[in-house]
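Chain naming here is simple, since letters A, B, ... match the order of the sequence lines and numbering starts at 1 in each.
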2 protein chains.
Amino acid sequence: MAIPVPGSQVRGSTTGKPIMALLDLLGRTWALGIVWNLQQGPATFRQLQLRCEQISPTLLNSRLKELKILQLVDMQDSGYQLTQQGMELITIILPLGDWSQNWAKHILKEEN
Amino acid sequence: MAIPVPGSQVRGSTTGKPIMALLDLLGRTWALGIVWNLQQGPATFRQLQLRCEQISPTLLNSRLKELKILQLVDMQDSGYQLTQQGMELITIILPLGDWSQNWAKHILKEEN
DNA sequence: CAACACCGCTACAAATAGTGTAGCATGCCT
DNA sequence: AGGCATGCTACACTATTTGTAGCGGTGTTG
């Protein structure tokens, strides 16, 4: 799958708008999950595999490649970790944690 | 694909934590894109297809089903639109628009 | 009423993406 | 040298997505 570099055509948009590249990237299986799991700190490849409970190494590796190229993640001695940019991104997304709890309550309430 | 209802097992997590259901949902192809596009207002099925430039009707329909069940989207006379919950979600995500612009600058600068 | 233009949506085959298991190559420790 | 952990690849299998065609329904217009 072509890496959604902002400025180029991506899945779902020919305009090259950065937001479209980002939505393409984050909309890929496991991309959000990987970033979310890295939030708890750096991890080696295998640790990250464990945090993601069921990701295949093949896919983990290809997502990490994409995330590295797009500079949201990099690898240091301590393992894979979020870059400055990656942390900014996660900061924006973090409120989803709390929000999802209310959302869950709402859905489960309606289901009865 | 099973719908990621919070409280049940979802892709990547056996715990049933709402955030995991949400990450599963949003990590599916086009889910984020659909929500993002609905932000500009209600749309009929076909209008939504156009907004999403390249989505296939098959997939659009199955994503919409998921989003309806999970109460982020519903259908009214005016077409598909975000629910109250959907709007809350998009409010959280909205800053990604601006952020992505800076991110793009950063990446493209480094590439030279 | 017939012809037309929309609508939401489905069918289905072909193409693409993801899974799961095994294991290679490398480096470190004893 | 032997054992162990690491990052990562190979590859066959399965699941998901695409793309095109078109169905059945609801106006609207002549």
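Nearest to the side-chain atoms of A:Met75 among the listed nucleotides D:dG7, C:dA17, C:dC9 stands D:dG7. Which of C:dA22, C:dG8, D:dG7 sits closest to the side chain of A:Pro57 comes down to C:dA22. You'll find that the side chain of A:Arg46 is closest to D:dG7, out of D:dG7, D:dA21, C:dA22.
The CZ atom of B:Arg28 sits 8 Å away from the P atom of D:dT16 (whole-angstrom rounding). Atom CD in A:Gln49 sits about 11 Å away from atom P in D:dC8, given to the nearest Å. A straight line from CZ of B:Arg11 to P of C:dA17 spans 15 Å, rounded to a whole angstrom. Rounded to an integer number of Å, the gap from CG of B:Leu60 to C1' of D:dT16 is 16 Å. The separation between B:Asp24 atom CG and D:dA15 atom C1' is 14 Å, rounded to whole Å. One atom, CG of A:Asp77, and another, P of D:dG7, lie 12 Å apart when rounded to the nearest Å. Spacing between atom OH of B:Tyr80 and atom P of C:dC7 amounts to 13 Å, rounded to whole angstrom units. Atom P of nucleotide D:dT17 and atom NZ of B:Lys65 are separated by 14 Å, given to the nearest angstrom.
For the pair A:Asp74 and A:Lys68, the salt-bridge criterion is not met [side-chain N within less than 4.0 Å of a carboxylate O].
Within 4.0 Å (heavy atoms only), B:Arg63 reaches sugar-phosphate atoms of the nucleic acid but no base atom. At the heavy-atom level, B:Thr58 lies under 4.0 Å from base atoms of the strands shown.
Applying the 4.0 Å criterion to OP1 and OP2 of C:dT10, one finds that B:Asn61 has a side-chain N or O inside that range. Within the structure, every side-chain polar atom (N or O) of A:Trp30 is placed at least 4.0 Å from both OP1 and OP2 of C:dA17. Dashed line: the shortest gap from a side-chain N or O of B:Thr29 to OP1 or OP2 of C:dA17 is not under 4.0 Å.
At a threshold of 4.5 Å between side-chain heavy atoms, the hydrophobic network of Ile, Leu, Val, Met, Phe, Trp and Tyr places A:Leu50 and A:Leu38 in two separate groups. A:Ile55 and A:Met1 fall into different hydrophobic clusters, where Ile, Leu, Val, Met, Phe, Trp and Tyr residues are linked whenever their side-chain heavy atoms come under 4.5 Å apart, directly or through other members.
Residue order along DNA chain D, read from the 5' end via each residue's closest nucleotide, puts A:Gly79 first among B:Leu59 and A:Gly79.
Between B:Leu26 and B:Leu22 there is a side-chain heavy-atom pair separated by less than 4.5 Å. Contact annotation: the side chain of A:Gln39 approaches that of A:Trp36 to within less than 4.5 Å [non-hydrogen atoms, C-beta and beyond].
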